[in-house]
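Below is one structure; the comments refer to it alone.
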Amino acid sequence: MSNSIPPKKSLGQNFLTDESVCERIVDAADVGPQDSVLEIGPGHGVLTRRLAACAGHVTAIELDERLFGKLSRELAHHENLEIIQGDALKFPYEDLPGKVKVVANLPYYISTPIISRLIEARKKVSLMVLMLQKEVAERIAAPPGGKDYGYLSVMVQLYTEAESLFVVPAEAFDPVPKVDSAVARLIVRGAPVAYCRDFALFERVVSASFSQRRKTLKNSLKGSGLFTDEGVARLADSGIDPIRRAETLSVAEFAALTEFLFEFRKVA
Ligand code: SAM
């Protein structure tokens with residue numbers, strides 16, 4: 001890449017060089033003058049420039065002070081662009097003044113915790129269009145029944161409608177990464193896909209159920225220590241067959257299971 005800032009591998013710096021991919025990303029978010037956009041990791045600004053040209057407002061958070069300095073100088077003429085130097089994992093998304101669309105080619109070393117933070121702050125997010133490692137995008141969007149479906153799929157799909165849109169080959173970046181990528185779109189739901197009284201317990205149930213994928217639900221939950229023996233023994237009363245494996249349960253079935261087991265929980 002023709003610039004004087006050597007990329008830092010430790011910050012996941014693989015910069016997009018294919019302009020047609022940038023265009024598809026911005027199109028997938030359907031960005032217009034009415035939108036406030038949040039970009040995580042603007043890097044050299046390949047997406048930032050396009051976003052600033054079509055969005056009402058853009059906030060871009062960059063951790064690397066060298067890139068922050070460069071972007072602040074080069075993009076100073078965009079009055080609708082605010083560049084913040086900081087850590088996207090620590091950014092107070094809940095304090096944003098209104099809803100944003102998140103558009104980002106994420107640093108892959110923290111893509112999952114960033115998605116978790118954005119989902120926590122979902123009241124302030126309408127959608128996310130994210131470049132991710134291909135396997136992560138596939139896991140996020142996976143339907144029940146296959147090897148890609150797991151904890152991440154359930155937690156993301158509880159709160160968002162998730163879709164993997166298109167694959168981006170490693171050669172579209174500089175430096176060329178070791179993995180392929182894919183762009184995923186997550187549309188935040190107005191309400192979780194299913195109700196349960198205790199979403200923290202839901203998370204523990206899903207995590208315990210997938211902790212040993214080959215075990216039956218009954219054995220995974222028994223081993224988790226989350227519920228009384230009576231609760232585990234009465235699992236079938238929930239309407240879900242206890243000999244099923246976690247990967248066969250839909251998000252709504254995990255919620256029903258959690259709701260049933262609520263009365264038998266051992267943990268606070
Ligand atoms: N958006 C640019 C592009 O598409 O070419 C850069 C994408 S690069 C994969 C990821 C960017 O995230 C880098 O600019 C990196 O410095 C930045 N980054 C890494 N960790 C970060 C963090 N914790 N908070 C904010 N930005 C971070």
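FYI, side chains are in, hydrogens and waters are out, and symmetry mates aren't considered; it's all heavy atoms of this structure. First listed ligand is number 1; within each ligand, the first listed atom is number 1.
With values rounded to the nearest 0.5 angstrom, Ile187 atom CD1 is found 7.0 Å from Glu163 atom CD. Here Glu259 contributes atom CD and Ser238 contributes atom OG; the two are 11.5 Å apart, rounded to the nearest 0.5 Å. The CG atom of Leu257 sits 6.0 Å away from the OG atom of Ser209 when rounded to the nearest 0.5 Å.
Using 4.0 Å as the threshold, Glu62 has a heavy atom nearer than that to some atom of ligand 1. Residue Cys22 places no heavy atom under 4.0 Å from ligand 1. At least one heavy atom of Leu106 sits less than 4.0 Å from an atom of ligand 1. At least one heavy atom of Tyr109 lies less than 4.0 angstrom from ligand 1.
Heavy-atom contacts of Glu39 reach the following atoms of ligand 1: 1 (N) (cutoff under 4.0 Å). Short contacts between ligand 1 and Gly12, defined as distances under 4.0 Å to a heavy atom of the residue, involve ligand atoms 8 (S), 9 (C), 10 (C). Listed by atom number, the atoms of ligand 1 under 4.0 Å from Ile61 heavy atoms are 25 (C), 26 (N). Annotation for ligand 1: atoms under 4.0 Å from non-hydrogen atoms of Ala88 are 22 (C), 23 (N), 24 (N), 25 (C). Here is the list of ligand 1 atoms found below 4.0 Å of a heavy atom in Asn14: 8 (S), 9 (C). Atoms of ligand 1 lying under 4.0 Å from at least one heavy atom of Phe15, given by number and element, are 5 (O), 6 (C), 14 (O). When each atom of ligand 1 is checked for a heavy atom of Gly86 under 4.0 Å away, the hits are 24 (N), 25 (C). The ligand atoms of ligand 1 that sit less than 4.0 angstrom from a heavy atom of Gln13 are 13 (C), 15 (C), 16 (O).
In this structure, Arg117 contributes its side chain and Ala88 its backbone to no donor-acceptor pair below 3.5 Å. At least one donor-acceptor pair under 3.5 Å links the side chain of Glu62 to the backbone N or O of Asp64. In this structure, the side chain of Arg189 engages the main chain of Gln157 through a donor-acceptor pair within 3.5 Å. Side chain of Arg204 to backbone of Ala200: no donor-acceptor contact under 3.5 angstrom is found.
Residue contacts with ligand 1 for Leu89 are absent, since no atom lies close enough (heavy atoms, distance under 4.0 Å). Residue Val46 touches ligand 1 through its side chain alone, judged by heavy-atom distances below 4.0 Å. The residue Phe173 has no part lying near ligand 1, judged by heavy-atom distances below 4.0 Å. Contacts with ligand 1 closer than 4.0 Å are made by side-chain heavy atoms of Ile110 only, the backbone lying farther away. Only the backbone of Pro42 comes within contact range of ligand 1, with a heavy atom under 4.0 Å; no side-chain atom does. Looking at Lys8 against ligand 1, nothing comes within 4.0 Å, counting heavy atoms.
For the pair Arg24 and Phe166, the cation-pi test (distance below 6.0 Å, angle within 45°) is passed.
What sits closest to atom 12 (O) of ligand 1 on the protein, heavy atoms only, is Gly41 CA, 3.2 Å. Leu63 N, 3.4 Å is the protein heavy atom nearest to atom 26 (N) of ligand 1. Of all protein heavy atoms, the one lying nearest to atom 19 (C) of ligand 1 is Leu11 O, 3.2 Å.
A tilted orientation is assigned to the rings of Phe254 and Phe210, their planes being inclined by 30° to 60°. Using cut-offs of 30° and 60° for the angle between ring planes, the Phe202 and Phe199 rings count as perpendicular.
Counted within 6.0 Å of CD on Gln34, heavy atoms from surrounding residues, nucleotides or ligands total more than 12; the atom is thus considered enclosed.
Between Lys134 and Glu138, at least one side-chain nitrogen of the basic residue sits less than 4.0 Å from a carboxylate oxygen of the acidic one, meeting the salt-bridge criterion. Under the 4.0 Å criterion applied to side-chain N and carboxylate O atoms, Arg214 and Glu247 are not assigned as salt-bridge partners.
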